[in-house]
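A short worksheet on the structure shown next.
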Amino acid sequence: MSASFLQKMPRATLARLQVANPDILRFFCQSKKRVYHFQELARTLRERREEWDTGPRMTTEALISLLTASGELRRVIIEPGKRHPRGTSFTRYVWGAASPEEIALSLRKGSYLSHGSAAAAHGLCGDAPRRVIYVNQEQSPKEPGDGGTITQDGIDRAFRGKQRQSTFIYECEGVEIVVLNGKHTAALEVSADPAVTRLERTLIDIAVRPSYAGGVDEVLAAYRAAAGKAMAARLLSTLRKLNYLYPYHQAVGFYMERAGFPSAQSLRMKEPGIKWDFYLAHNIKDRAYCSGWRIYYPKSWQPL
């Protein structure tokens with residue numbers, strides 16, 4: 001949209017729009033929301049048409065033109081990423097200085113920052129700018145089942161290959177956005193504002209899917225940054241509520257021990273039992289074995 005759109009409007013509508021201008025701009029300046037869908041702008045106009053005295057012929061396109069010409073609105077395109085070019089582009093309207101994370105969260109209703117992006121939000125990744133943003137939109141609830149069963153052969157076979165990766169990848173203004181479709185948890189341990197997994201849930205998520213946090217070395221660095229901040233009781237409680245089939249508590253406890261958590265905290269992760277040989281990540285080519293946690297980890301890591 002451009003100022004030329006405004007010039008084509010009927011004079012009476014344009015006059016009303018110009019009179020309403022300060023009230024409209026004040027509304028968007030005072031709103032905490034920074035990223036809008038077209039439909040959200042249309043709904044805002046419907047709800048505030050009388051308050052703004054815009055008249056019945058005022059359109060959403062005219063509102064966008066006004067905000068673009070005399071405010072701080074800009075149009076951004078979220079496009080399918082180069083790694084997975086098939087897909088649909090999305091248009092968003094950004095008011096003022098919205099962060100890349102805010103734009104990413106606008107892709108899916110009810111989504112939240114997770115994995116590497118949540119770790120960054122909690123200050124666990126240093127100050128380097130993140131060029132990949134992970135947002136999680138949970139799957140719909142499923143009928144409760146028996147939870148399945150595992151065997152040692154099944155664990156070995158599952159972790160021998162590469163971990164599955166999301167193909168819902170987009171790009172916007174030089175940032176890659178990866179949309180995850182995680183298991184339904186009813187937003188367990190997710191804060192509302194900003195929408196991001198809390199510290200302990202984040203530590204669990206990156207242990208479960210280290211590839212979404214830069215790999216096991218980055219995950220260990222995040223655990224080191226979290227030592228003294230994360231609560232073992234909440235970690236264990238959240239793990240139990242997530243109810244994973246695989247024994248990820250062994251990976252979490254191993255990371256905690258390696259990262260320098262007090263032994264009383266890391267040992268709490270043994271409470272569910274150490275029953276299986278497990279893996280810190282999928283497809284570890286050259287590995288060592290920790291008998292205390294019964295877990296395979298990269299051989300390049302120094303022994304404890």
Side-chain angles (χ1 to χ4, degrees), residues 83-84 114-120 124-126 128 130-132 134 136 148-167 169 176 178 180-183 197 200-227 230 235-236 238-239 242-261 263 265-304:
R83 287 196 286 154
H84 295 278
S114 66
H115 298 80
S117 295
L124 306 182
C125 302
R130 308 291 288 185
R131 307 313 299 172
V132 181
Y134 296 95
N136 187 17
T149 58
I150 58 173
T151 63
Q152 189 61 60
D153 181 63
I155 293 173
D156 295 338
R157 187 168 54 252
F159 282 81
R160 192 177 300 134
K162 292 183 178 180
Q163 190 174 67
R164 288 182 295 176
Q165 300 284 311
S166 172
T167 58
I169 300 177
E176 189 172 75
V178 180
L180 309 178
N181 194 212
K183 65 182 290 185
T197 52
E200 287 80 6
R201 168 72 188 273
T202 299
L203 292 174
I204 293 168
D205 285 349
I206 62 178
V208 172
R209 292 288 184 270
S211 60
Y212 294 148
V216 293
D217 292 333
E218 292 293 325
V219 173
L220 179 58
Y223 269 74
R224 285 174 174 152
L235 276 165
L236 188 57
T238 304
L239 268 167
L242 288 169
N243 193 29
Y244 283 113
L245 180 63
Y246 291 125
Y248 286 111
H249 61 281
Q250 294 174 218
V252 171
F254 178 79
Y255 275 121
M256 291 172 71
E257 186 174 271
R258 297 283 309 203
F261 279 67
S263 59
Q265 294 188 35
S266 60
L267 288 175
R268 291 211 60 184
M269 297 306 115
K270 291 190 175 183
E271 290 181 15
I274 307 296
K275 304 173 184 177
W276 308 98
D277 287 338
F278 197 50
Y279 298 80
L280 204 62
H282 287 69
N283 197 31
I284 303 176
K285 296 298 185 183
D286 194 13
R287 65 197 188 203
Y289 181 73
C290 174
S291 58
W293 291 99
R294 293 186 63 176
I295 199 162
Y296 291 100
Y297 65 96
K299 196 173 183 179
S300 60
W301 289 13
Q302 292 295 319
L304 285 171

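Since the structure is predicted, the reported quantities are computational estimates derived from the model, not experimental observations.
- Across Ala281 and Pro210, no two heavy atoms sit closer than the pair CB-CG, 4.0 Å.
- The distance between the ring centers of Tyr297 and Tyr289 does not fall below 6.0 angstrom.
- Counting heavy atoms from C-beta on, the side chains of Tyr255 and Ile206 never come closer than 4.5 Å.
- In summary, the side chains of Glu200 and Thr238 do not present any donor paired with an acceptor at a separation below 3.5 Å, with no hydrogens or angles considered.
- Here the OH atom belonging to Tyr134 is positioned 7.0 Å from the OG atom belonging to Ser211, to the nearest 0.5 angstrom.
- In this structure, CZ in Arg209 is found 6.5 Å from NE2 in His282, a value given to the nearest 0.5 Å.
- For Tyr212 (side chain) and Ser166 (main-chain N/O), a donor-acceptor pair under 3.5 Å exists by modelled atom type.
- Ser291 places no side-chain N or O within 3.5 Å of a backbone atom of Arg294 that could act as its donor or acceptor partner.
- The closest side-chain heavy-atom distance from Val208 to Leu242 is not below 4.5 Å.
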Task: side chain to side chain contact (heavy atoms under 4.5 Å, CB included) evaluation trace for Leu124 with Leu203 - done: CA-CA 10 Å; Leu124 306 182; Leu203 292 174; 4.1 Å; yes
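- Residue Lys275 qualifies as open at atom NZ: its count of foreign heavy atoms under 6.0 Å is 12 or below.
- Between the CZ atom in Arg258 and the CG atom in Leu220 there is a gap of 6.5 Å [rounded to 0.5 Å].
- Taking every heavy atom of both residues into account, Cys125 and Ala120 meet most closely at SG-N, 3.6 Å.
- Between the side chains of Thr197 and Ser114, no donor-acceptor pair is found at a separation under 3.5 Å.
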- [ ] Kindly determine whether Arg157 and Ile155 satisfy side chain to side chain contact (heavy atoms under 4.5 Å, CB included), including the steps that lead there.
- [x] CA-CA 5 Å; Arg157 187 168 54 252; Ile155 293 173; over 6 Å; no
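- With values rounded to the nearest 0.5 angstrom, Leu239 atom CG is found 3.5 Å from Ile204 atom CD1.
- Here the closest heavy-atom approach between residue Ala259 and residue Ala227 is recorded as O-CB, 4.2 Å.
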Show me the side-chain donor-acceptor pairs of residues 267-274 shorter than 3.5 Å, one per line, residues at least two apart or across chains.
unit_1: Arg268; atom_1: NE; unit_2: Glu271; atom_2: OE2; d: 3.0
unit_1: Lys270; atom_1: NZ; unit_2: Gly292; atom_2: O; d: 3.1

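- Side-chain contact annotation: Ser263 with Glu257, donor-acceptor N/O pair under 3.5 Å absent.
- Ile295 places none of its side-chain heavy atoms less than 4.5 Å from the side chain of Asp277.
- Contact annotation: the side chain of Arg287 approaches that of Tyr279 to within less than 4.5 Å [non-hydrogen atoms, C-beta and beyond].
- A distance-only check finds a donor-acceptor pair linking the side chain of Gln250 to the backbone of Trp276 [under 3.5 Å].
- If you take CG on Leu235 and NE2 on His249, they are separated by 13.0 Å, rounding to the nearest 0.5 Å.
- Results of the side-chain contact (heavy atoms from CB on, under 4.5 Å) test with Leu280 over Tyr296, Trp301, Phe159, Trp293 single out Trp301 as the only residue that passes.
- For the pair Lys285 and Asn283, the minimum side-chain heavy-atom distance is below 4.5 Å.
- A salt bridge is defined here as a Lys NZ or Arg NE, NH1 or NH2 lying under 4.0 Å from an Asp or Glu carboxylate O, and Asp205 with Arg201 meets this definition.
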